[in-house]
There are 2 protein chains.
Amino acid sequence: MARQLEEWISSERLEPGAQLPTERVLCERFGVSRAVIREAISRLKADGCVRTRQGSGAYVAALPGQGSFRIVGGTPDAPERLPREVSDVFELRYLIETGAAALAAVRREEQDLDRMRLALVRMREALASGADAVADDDAFHVAVAAATRNPQLERFQLFMARHLSESRAPTWSPAGHLEGWAEQAQDEHERIFGAIAAGDASGAHAAAAAHLVRAARRLGLDPQRWGAADNVEIEQ
Amino acid sequence: MARQLEEWISSERLEPGAQLPTERVLCERFGVSRAVIREAISRLKADGCVRTRQGSGAYVAALPGQGSFRIVGGTPDAPERLPREVSDVFELRYLIETGAAALAAVRREEQDLDRMRLALVRMREALASGADAVADDDAFHVAVAAATRNPQLERFQLFMARHLSESRAPTWSPAGHLEGWAEQAQDEHERIFGAIAAGDASGAHAAAAAHLVRAARRLGLDPQRWGAADNVEIEQ
DNA sequence: GATTCAAATTTGTCAGACAACTTCAGATCG
DNA sequence: CGATCTGAAGTTGTCTGACAAATTTGAATC
C-alpha cells in the first residue's frame, strides 16, 4: 500500500532538508515496485512536504500536515458538521472578512467594484425570481477579498467559499426566500458594497460584521461574543 | 509535464462526481506515458479532489482548492518569497492574530495562560543567553490561538507558524540579539500576555497589532496601511 | 423479466530500459 | 599544490509492455 509508505515517511521524523532514501532502496524496504514508490512520493509532493531534484534525490521540504490548512470536522464518510464546528469556522471567517472589507474600502479599484456589482445584480435577479444564488453570493465575497489586492487573502476567501456554500444554501432556498432571508442578505451585501465603494473602511468593517452576525443567526448560531475583537455593536 | 495535466484537469470544470477520462485516453491526449498520468492523478488524490476505484475509473470528489489552503509564493524550484508576498502573508496574519488575541482575552483559561508563561520563560532565558527561540516564539502565538477555545483558529495558527518561522529567524539571530530585536519582541509578547491575562480584549488587540507592525518593520516591510481594519495607532 | 456468467474495460502493480541530470572522484593543466 | 576539466556512477523522470484485480457490460439462460 502506498498509504503505508506515506505514513512511514511521515513517522520517520526527518527534519526539513533531509534526504529521503533513494527510490530503489524504498522499493526493497517495502517490497513494492518503483511505480508505487513514485506515486507515494507524488502525493507527498502534492502535500508540499517533499521536493525532488532530478539526478539528486528527494528532500523533505516541510513537516507533514503543515504544508496546507484544512477545515476539519466530521469524517470523510460523515462530512456533516456539528453546530459548534460551523460556529468556529464562522468565527474564523468573521476575523478575516471584516478586516478584508475594511482593506477593500481603501484599496479597491474600479474593476473590483465591477465584480461586486455583477454579483449583486445577479443576486437581485435571483431575489426577484426566487432562484438560488449561492454561487453569486460566494462570488461577491471573493470579489471583496480580491479588492484588498492581497492574493493570499483572495485565495483564502476562495478556499473558505467552498466550505461556506453549504451554510449559504438555507438563505437562498425556497424557505429562505419566504422567510425574507434572501432579501435581508441582499440588503447587507448592498451596505457592504456601498461602504467599500465610498472608501469608508470602518463602515465596510461594520457592514461586514453585521452581515456575518446576521448570517450566523439565520443558521441558528449564537455569535454573541465574536465582537470581542472590535466591540462591534450588535443591534437586535 | 505532469503540471500541465493537473492544470488541465483543474480547468476542465468537472462537477463533483463526474468521471475523468481513462488513463489511456489521457495518455493520448497529452502524448505522455501512463506513468506520468498516474503520478499526476496521485497528486490530485493527495489534494482530495479526485478519487479512484479500481476497475471503474477516476472521479472528481471535490473542486480543486476545496480541500486545503496553502500559502503560495515563489516556485517549486525557487521557494524564496518576494518581499511583497511576505507582506501579504503578514497582512493575513494581522487580521487573524489581532482578533485572536482579543478573543483569547475573553475566553482564556488558566491552562492557556500557563502555556503562554512557559513560552515566555523560555524566550526570556534565550534572551539572556543569546540563544535561538524561534520555536518558543511559535509556541507562544499558538498558545494565544489555543486560548480562543476555537480549534479552527488554533489549527490555522499552527499552520501559519510553519511559514512564519523563517520570518522570525532574524529576530532571534545573533544580529537580532545585538540589534535589540529579541528584547523588543519579548517586550511586545509580555504586553500581549498581560492584556490577555487581565481579560482586556481591546488591549490585547492593540498589543498584538503593535507586535505585528513592529515585527514587519524588523523585516524591512511597510505595514502602513494594515491598520485600515481597525484604525490602530502606529506610533513611530 | 430476472439471473448468471463470461468477456471487455479500467485501475493497480510489476519489470526492464533509457534519457536527463547531479554528484564526485580522478586526471589534467597551470 | 591548487584549480579545472572529464567521465563514470548514481538518481530521478519517462517510456514500454505486461499481468493482476476489480468493475462494468452484455449476451445467454432460466
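So that the names make sense, note that chain A is the first sequence line, chain B the second, and so on, each numbered from 1. Note that this is a predicted model, so its numbers are computed, not measured. What you see below is based on every heavy atom in this structure, not just the backbone, and it leaves out hydrogens, waters and symmetry mates.
- At whole-Å resolution of the value, CZ in A/Arg51 and C1' in C/dC21 are 16 Å apart.
- A close approach under 4.0 Å does not occur between any side-chain nitrogen or oxygen of B/Ser56 and OP1 or OP2 of D/dT23.
- Between B/Gln54 atom CD and D/dC19 atom P there is a gap of 17 Å when expressed in whole angstrom units.
- More than 12 heavy atoms of other residues, nucleotides or ligands shown are found within 6.0 angstrom of CZ on A/Arg124.
- B/Arg34 contributes a side-chain N or O that forms a donor-acceptor pair with the base of C/dG12 under 3.5 Å.
- Every side chain to side chain donor-acceptor pair (under 3.5 Å) that A/Gln186 has, sequence neighbours left out, goes to A/Glu190.
- In this structure, the nucleotide among D/dT12, D/dC15, C/dC14 sitting nearest to the side chain of B/Val36 is D/dC15.
- Salt-bridge annotation for A/Arg115 and A/Glu109: absent, with no side-chain N of the basic residue lying under 4.0 Å from a carboxylate O of the acidic one.
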Dot-bracket notation for DNA chain C, counting Watson-Crick and G-U pairs under 3.5 Å, with | for partners on another strand:
||||||||||||||||||||||||||||||
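- B/Glu23 places its CD atom 14 Å from the C1' atom of D/dT23, with the value rounded to the nearest Å.
- Per the geometry, CD belonging to A/Glu39 stands 12 Å off C1' belonging to C/dC14, to the nearest Å.
- The existence of a salt bridge linking A/Arg149 and A/Asp112 is confirmed by a sub-4.0 Å separation between a basic side-chain nitrogen and an acidic carboxylate oxygen.
- Distances shown here put a side-chain N or O of B/Thr52 below 4.0 Å from the OP1 or OP2 atom of C/dG12.
- For the pair A/Pro151 and B/Asp88, the minimum side-chain heavy-atom distance is below 4.5 Å.
- Atom CD1 in B/Ile37 sits about 11 Å away from atom P in D/dT14, given to the nearest Å.
- An OP1 or OP2 oxygen of C/dA20 is reached within less than 4.0 angstrom by no side-chain nitrogen or oxygen of A/Arg53.
- Contacts classified as ring-ring contact (aromatic ring centres under 6.0 Å, His included) and involving residues 128-152 of chain A (residues at least two apart or in different chains) are given here: A/Phe140-A/His189, A/His141-A/His189, A/His141-A/His211.
- Taking atom NZ on A/Lys45 and atom P on D/dT12, their separation rounds to 10 Å, with Å as the unit.
- Rounded to whole angstrom, the span from the CZ atom of A/Arg38 across to the C1' atom of D/dG13 amounts to 5 Å.
- Taking atom OH on B/Tyr59 and atom P on D/dT23, their separation rounds to 11 Å, with Å as the unit.
- You'll find the side chain of A/Met160 stays beyond 4.5 Å of the side chain of A/Ile96, heavy atoms only.
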